[in-house]
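Beneath this line is the structure, given in structure tokens, with notes to follow.
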2 protein chains.
Amino acid sequence: MEEIDHHAGEPVWSQLTRILRGQIERGVIPPGKLLPSISTLMQVYGVSDGTVKRALKTLRDEGLVSSVPGRGTYVSQ
Amino acid sequence: MEEIDHHAGEPVWSQLTRILRGQIERGVIPPGKLLPSISTLMQVYGVSDGTVKRALKTLRDEGLVSSVPGRGTYVSQ
DNA sequence: CTGCATTTGTGCGTATGTATG
DNA sequence: ACATACATACGCACAAATGCA
């Protein structure tokens, strides 16, 4: 599991975005599948909800994922 | 009725937790009895559902209450 | 049995405040 | 002054369980 380096030059939200993007592109999380919830990602990577939300928003803006309130965040086709 | 101070230093969810905990410990709501529903607590204290849910979760983690989906939240014995 | 309302639990999006470098 | 990071707070949506007409 890739980990977050809070002392790296790269912002935490950017590191998390890159990690999740990599997992999607490598097929670790296939299209149509749900990403871990924000709450889970907070615990797994040890970051705040705002950081997770910024990472997910970036992936949404890139078209890699699609979030549905009440459901979760899906990997796009 | 204790009220919530949105400008106090203490977070709203913490204030609500403390108010409810006090009512339970003083026997205002006896063991086995139902707490007001989340919807009711929202209206009574003028806070959002997320805030009420966080307070109830805290009380659950403390073992003071026990929630049953579809029923409500009971004061523990 | 079939709906419908209520309630809890989980989830997301947005906004705001505080602290730090 | 600015970006980052965290915590709080609100609002809303959806699923499952419960109870009742």
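Here is how names work: the chains are called A, B, and so on, in the same order as the sequence lines, proteins then strands, and each is numbered from 1. Every heavy atom of this structure was used, including side-chain atoms; hydrogens, water molecules and symmetry mates were not.
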With a 3.5 Å limit on both atom pairs, tell me what dG11(D) is paired to, counting Watson-Crick and G-U wobble, or say none. dC12(C)
How close or far is atom C1' of dT8(C) from atom CG of L35(B), stated in whole angstroms? 13 Å
With heavy-atom distances below 4.5 Å as the criterion, would you say the side chains of L56(B) and L35(B) are in contact? yes
So, is S67(B) near the phosphate of dT7(C), with a side-chain N or O under 4.0 Å from OP1 or OP2? no
So, does S76(B) use its side chain to make a donor-acceptor pair with the main chain of L64(B) at under 3.5 Å? yes
Ranking dA9(D), dC12(C), dT8(C) by distance to the side chain of T73(A), first place goes to dC12(C)
Minimum-distance nucleotide to H6(A) side chain [options: dA9(D), dC6(D), dT8(D)]: dC6(D)
Please list, chain by chain and in numerical order, all residues satisfying salt bridge (charged side-chain N to carboxylate O under 4.0 Å, His left out) with D5(A), sequence neighbours excluded. none
Ignoring the backbone of V47(B), work out which of dC10(D), dG13(C), dA5(D) is nearest its side chain. dC10(D)
Rounded to whole Å, CZ of R60(B) lies from P of dT7(C) at a distance of 16 Å
Rounded to the Å, how far apart are L59(A) CG and dG13(C) P? 11 Å
Atom pair distance, as rounded to whole Å: CG in L16(B) and P in dT8(D): 14 Å
To the nearest 0.5 Å, what is the distance between CG on L59(B) and NZ on K57(B)? 11.0 Å
Among dA9(D), dC6(D), dT4(D), find the nucleotide with the atom closest to the side chain of R54(A). dT4(D)
Among the nucleotides dT8(D), dC6(D), dC12(C), whichever has the atom closest to the side chain of S37(A) is dC12(C)
Separation of R54(A) CZ from T58(A) OG1 (nearest 0.5 Å): 6.5 Å
Whole angstrom value for the distance that separates C1' of dG11(C) from NZ of K57(B): 15 Å
From the set dT8(D), dT8(C), dA5(D), return the single nucleotide nearest to any side-chain atom of W13(B). dT8(D)
Using a 4.0 Å heavy-atom cut-off, write out nucleotides 12-21 of chain D from 5' to 3' as B (base contacted by protein), S (sugar-phosphate only) or - (no contact). BBSS-BSS--
Nucleotide of dT8(C), dG11(D), dC6(D) approaching S48(B) most closely (side-chain heavy atoms): dG11(D)
Inter-residue atom distance S14(B).OG - R21(B).CZ, 0.5 Å rounding: 7.5 Å
With the 4.5 Å side-chain cut-off for hydrophobic clustering, are V44(A) and I29(A) part of the same group? yes
Could you give the CD1-to-P distance, from I38(B) to dG9(C), as a whole number of Å? 6 Å
One thing to verify: whether R18(A) and E10(A) come together as a salt bridge, which I'm taking to mean a side-chain N less than 4.0 angstrom from a carboxylate O. yes
Separation of Y74(A) atom OH from dC12(C) atom C1', in whole Å? 12 Å
Could you tell me how far apart Q43(B) (CD) and dT7(C) (P) are, to the nearest whole angstrom? 10 Å
Does the side chain of T51(A) get closer than 4.0 angstrom to OP1 or OP2 of dT4(D) through an N or O atom? no
